[in-house]
Structure formats: structure tokens, C-alpha cells
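Computed from heavy atoms alone, side chains included, the values below leave out hydrogens, waters and symmetry copies.
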Amino acid sequence: QVELVESGGGLVQPGGSLKLSCATTVNILSLYNWGWYRQAPGKQRELVATMLTDGSTNYADSVKGRFTITRDNGEHTVYLQMDRLKPADTAVYYCYADLGYDRSLNYWGQGTQVSVSS
């Protein structure tokens with residue numbers, strides 16, 4: 001079965017950086033579409049970054065140029081590098097995956113808290 005476990009969240013000052021990790025039981029990452037979502041208190045869950053099976057990426061306008069999604073098949077891990085963080089980035093961040101050929105088969109991690117504050 002597919003399991004996703006996020007880590008790497010924490011408290012950082014505005015302008016700082018964090019790198020989130022999504023450790024998986026997936027052997028071949030390119031068989032899946034990957035995404036990072038976030039949810040701030042009182043707000044809907046927001047799609048932040050995606051990587052499709054072909055490696056193409058897309059980002060929400062709010063994070064474009066600051067966040068980067070990558071995958072490392074050798075480490076069985078998907079990452080979200082977050083730079084120049086802002087207080088508005090404060091949220092619980094969730095890793096997501098689905099099969100590229102059957103998106104009804106999808107999986108979520110448990111979430112990791114990112115707090116950006118002085």
C-alpha cells in the first residue's frame with residue numbers, strides 16, 4: 001500500500017527557508033502525480049505545488065518563484081523547498097499522490113506544521 005509521511009516543518013522567521021519531506025513507500029515516483037497542499041486556520045485547503053508523472057511542475061501564484069517541488073527516487077521522497085517565507089505561508093502542509101493512470105487512487109500524508117513569525 002502507499003503511505004506518505006511528511007516532516008520538516010517548524011517555526012521560521014519571515015524571509016527564512018524550510019525544506020519539507022514526504023517519505024513514501026512508492027518505489028517508482030514517476031508513476032504518480034505529486035502535490036503539496038496547505039491549510040491555514042479558518043481557510044480552505046489550497047493546492048500549492050504539483051509535479052506530474054512527466055516531471056512537469058506548477059505552482060500557486062502566491063508561492064511561485066519561492067517554492068520548488070522535487071522528487072528523489074533513490075530516497076523515495078518528494079520535497080518542497082520553501083524560500084523567502086512569509087507569515088501568509090503559515091499552515092499545515094500535506095503531501096498528496098495519485099496514480100497517473102487512475103486518479104481515483106489517491107493518498108494523503110498526515111501533515112506538518114509550518115509557522116512563519118517574528
Side-chain angles (χ1 to χ4, degrees):
Q1 70 276 31
V2 174
E3 295 182 0
L4 311 176
V5 180
E6 301 99 331
S7 63
L11 176 63
V12 66
Q13 295 186 49
S17 296
L18 286 173
K19 189 171 186 177
L20 306 183
S21 298
C22 176
T24 81
T25 59
V26 172
N27 288 325
I28 304 176
L29 301 184
S30 60
L31 294 178
Y32 294 79
N33 298 312
W34 298 94
W36 286 95
Y37 289 75
R38 68 186 182 188
Q39 187 166 26
K43 298 183 65 178
Q44 295 182 350
R45 189 167 294 188
E46 173 190 21
L47 181 60
V48 174
T50 62
M51 177 177 286
L52 302 185
T53 57
D54 65 0
S56 62
T57 59
N58 196 31
Y59 301 91
D61 288 342
S62 59
V63 308
K64 194 170 298 181
R66 300 187 297 118
F67 289 12
T68 306
I69 184 172
T70 58
R71 64 190 183 195
D72 187 328
N73 199 70
E75 295 293 330
H76 307 291
T77 301
V78 176
Y79 301 96
L80 184 68
Q81 177 67 46
M82 305 184 295
D83 297 318
R84 303 190 302 281
L85 284 161
K86 305 175 180 179
D89 297 320
T90 296
V92 177
Y93 284 71
Y94 297 90
C95 184
Y96 166 92
D98 65 56
L99 281 170
Y101 58 86
D102 187 356
R103 295 188 178 184
S104 68
L105 299 176
N106 56 80
Y107 311 91
W108 291 88
Q110 84 290 346
T112 186
Q113 175 72 49
V114 172
S115 298
V116 185
S117 175
S118 299

Under a single-linkage definition using a 4.5 Å side-chain heavy-atom cutoff for Ile, Leu, Val, Met, Phe, Trp and Tyr, are W108 and L20 assigned to the same hydrophobic cluster? no
Between Y32 and A97, which heavy-atom pair has the shortest distance, and what is it? CD2-CB, 4.4 Å
Look at the side-chain heavy atoms of Ile, Leu, Val, Met, Phe, Trp and Tyr, link any pair under 4.5 Å apart, and say whether M51 and V48 land in one connected group. yes
Which pair of heavy atoms, one from C95 and one from E6, lies closest together, and at what distance? N-OE2, 2.6 Å
Would a single hydrophobic cluster contain both L99 and I28, if residues Ile, Leu, Val, Met, Phe, Trp and Tyr are joined by side-chain heavy-atom contacts under 4.5 Å? yes
Side chains of T24 and W34: closer than 4.5 Å at any heavy-atom pair? yes
Determine whether V26 and H76 make a side-chain contact, defined as any pair of heavy atoms from C-beta on separated by less than 4.5 Å. no
Work out which heavy atom in S30 is nearest to a heavy atom in T53; give both atom names and the distance. O-CB, 3.2 Å
What distance separates R38 CZ from T112 OG1, expressed to the nearest 0.5 Å? 14.0 Å
Sidechain-backbone polar pair: N58 side chain, A49 backbone, donor-acceptor under 3.5 Å: no
To the nearest 0.5 angstrom, please state how far the CE atom of M82 sits from the NZ atom of K19. 11.5 Å
N33 vs R103, test: side-chain contact (heavy atoms from CB on, under 4.5 Å). Steps then yes/no. CA-CA 9 Å; N33 298 312; R103 295 188 178 184; 3.3 Å; yes
V12 vs S17 side-chain heavy atoms within contact, under 4.5 Å: no
To the nearest 0.5 Å, tell me how far W36 CH2 sits from L47 CG. 12.5 Å
State plainly whether one hydrophobic cluster holds both L85 and Y94, where clusters connect Ile, Leu, Val, Met, Phe, Trp and Tyr through side-chain heavy atoms under 4.5 angstrom apart. no
With a cut-off of 6.0 Å (strictly less than), are more than 12 heavy atoms of other residues, nucleotides or ligands near NZ of K43? no
Flag, side chain of Y59 to backbone of I69, donor-acceptor distance under 3.5 Å: yes
Could you check if a side-chain atom of S21 sits within less than 4.5 angstrom of a side-chain atom of E75, using non-hydrogen atoms only? no
Are L18 and L80 joined in one hydrophobic group, where the rule is that I, L, V, M, F, W and Y side chains link up if heavy atoms are under 4.5 Å apart? yes
Please round to the nearest 0.5 Å and tell me the distance separating atom OG1 of T77 and atom CG of L4. 10.5 Å
What are the two closest heavy atoms between T90 and A40, and how far apart are they? O-CB, 3.5 Å
When every non-hydrogen atom of R71 is compared with those of L29, the smallest separation belongs to CB-CD1, 3.7 Å
Search all heavy atoms of R84 against all heavy atoms of D89 and return the closest pair with its distance. O-OD2, 4.5 Å
Interatomic distance, Y107 atom OH to Y96 atom OH [nearest 0.5 angstrom]: 10.0 Å
